[in-house]
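Inspection log for the structure reproduced underneath, given as structure tokens.
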Amino acid sequence: MNVSVVLFTSDLRLHDHPPLRAALDGAREVVPLFVRDRAVDAAGFAVPNRLAFLSDCLRDLDAGLRERGGRLVVRSGEPVEQVCRVAAEAGADEVHMSADVSAYAKHREERLRRALEAEGVRLHVHDAVTTAVTPGVLTPSGADHFAVFTPFYRHWSQKRLREPLGAPRRVPVPEGIGSLEPPSDKGTSPGLAPGGESEARRRLTAWLRSGIAGYEDRHDDLAGDATSRLSPHLHFGTLSAVELVHRARAVGGPGAGAFVRQVAWRDFHRQLLAARPDASTVDYRTKHDRWRTERTAREDIEAWREGRTGYPVVDAAMRQLRHEGWMHNRGRLLTASFLTKTLYVDWRVGARHFLDLLVDGDVANNQLNWQWVAGTGTDTRPNRVLNPVLQARRYDPDGAYVRRWVPELAAVDGASVHEPWKLPARERAALEYPDPLVELSEGLARFRKARERD
Ligand code: FAD
């Protein structure tokens, strides 16, 4: 066999890349290909922050391939058409790629398989490249997927993972295959983290050395920023989930244990979306909500998006999202609870806004976490409501997170920063900060009444 094509998708790395390894083992030369998919752009998924991160990833991948004697081939357009064209140009008889879970990815894979077969080219789809455990491998008795995390996690923990692969030493690429320049898009968030496998590996090393040990105690500390921030790297596949779990387990201890459990949540949501692709837009377990929407709650939604709800910790988190294209998990939980439960707005409105900005914006993790918080997903306590003031006191006890992101409150002392409406009238009037959008008790009553109908 002479030439194979490796189609890179959500696996933009050279370390632990089974499709690349298989292609190199079976062929004399390989064409590492990335297709900028115009349908993803048209669907509104390709937003500036993720395109900027993607640009870094592709440039870094190209540089890594060049160090190994190869290069990345970049094309743009309809992926099936582009892969077939490149396979024909290179005279390839095989194409290798990673399995993915979304309905769109699965449909693309089927169409690609048919189109390639018609040309006599075989498609190999590799499992456990974008997840640690392949979706569908673990199932409870009598169902095709796990609907509750704890039993899923028990099985997941016992599953033996494949051994991670090293990066190849050489990647010989045939001459004469035309390529676009890797893109150099810019994001909208000024504090966006850089992308690329080199950056992912730097971050991973630092995390394992000095972050992971404190994870169990500090992961909810909003101001401490003591989580790995590896989520965009897992999303774009600049870091392998299999390698991450192996290396975290090798560190050991309660911090690593708690961290690996979070990584398992990612696989949990992927196996759920793989089994129920419609859960990206439809309630997983409907509560028959008659949500407020863009039409009926426009001003509340705008205030939430812009971080001026009058609840400091909610506003701080929403402003972190806009500035960094990333938000702390505790912030995601409490801003999503505030939108869906306190304001009683449709979870899809919030999920869309997150996807517009998050650099790790991911259909499985975003939509299913939103559903979890809204109580239409897999939370076993679907009607729980997070109180933003109690959350703030607990996870931002000295107000450092709020002061960092809400400069209007930077001079407010102590815990008053979480309840500026309680300040003496004169002090309160001097602050250019809005009154609460809604009383928490009113929001709670509206939500409880709505769910009583269920
Ligand atoms: P760490 O705490 O260091 O965790 C390590 C890894 O575990 C993360 O990178 C992530 O891959 C995984 N993980 C952690 N928590 C979760 C979780 N609750 N569910 C699934 N996987 C998890 N995560 C995304 O990757 N993309 C999203 O679009 C996304 N949207 C979210 C929306 C809402 C409303 C909520 C509540 C959570 C969302 N999450 C999403 C999950 C979680 O908030 C982020 O993965 C996490 O904050 C990323 O930061 P980190 O890498 O420092 O996480």
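Indexing begins at 1, ligand by ligand and atom by atom, following the structure's order. Computation of the quantities below employed the complete heavy-atom set of this structure, encompassing side-chain atoms and omitting hydrogens, waters and symmetry-equivalent molecules.
- Screening residues 207-224 for salt bridge (Lys or Arg N to Asp or Glu O under 4.0 Å) gives Asp220-Arg330 as the qualifying pairs, with residues at least two apart or on separate chains.
- Every residue was checked against the side chain to side chain donor-acceptor pair (under 3.5 Å) condition with His353, not counting sequence neighbours, and none meets it.
- For Trp304 and Phe338, the gap between ring centers reaches or exceeds 6.0 Å.
- Contacts of His15 classified as ring pair (Phe, Tyr, Trp, His ring centres under 6.0 Å), with partners at least two apart in sequence or in another chain: none.
- Enumerated by chain and number, the residues approaching ligand 1 to less than 4.0 Å through a heavy atom are Tyr215, Thr227, Ser228, Arg229, Leu230, Ser231, Leu234, Phe259, Gln262, Val263, Trp265, Arg266, His269, Trp326, Met327, Asn329, Arg332, Leu333, Ala336, Phe354, Leu358, Asp360, Gly361, Asp362, Asn365, Asn366, Asn369, Trp370.
- Side chain of Lys106 to backbone of Ala274: a donor-acceptor contact under 3.5 angstrom is found.
- For Asp11 and Arg13, the salt-bridge test fails: no basic side-chain N is under 4.0 Å from an acidic carboxylate O.
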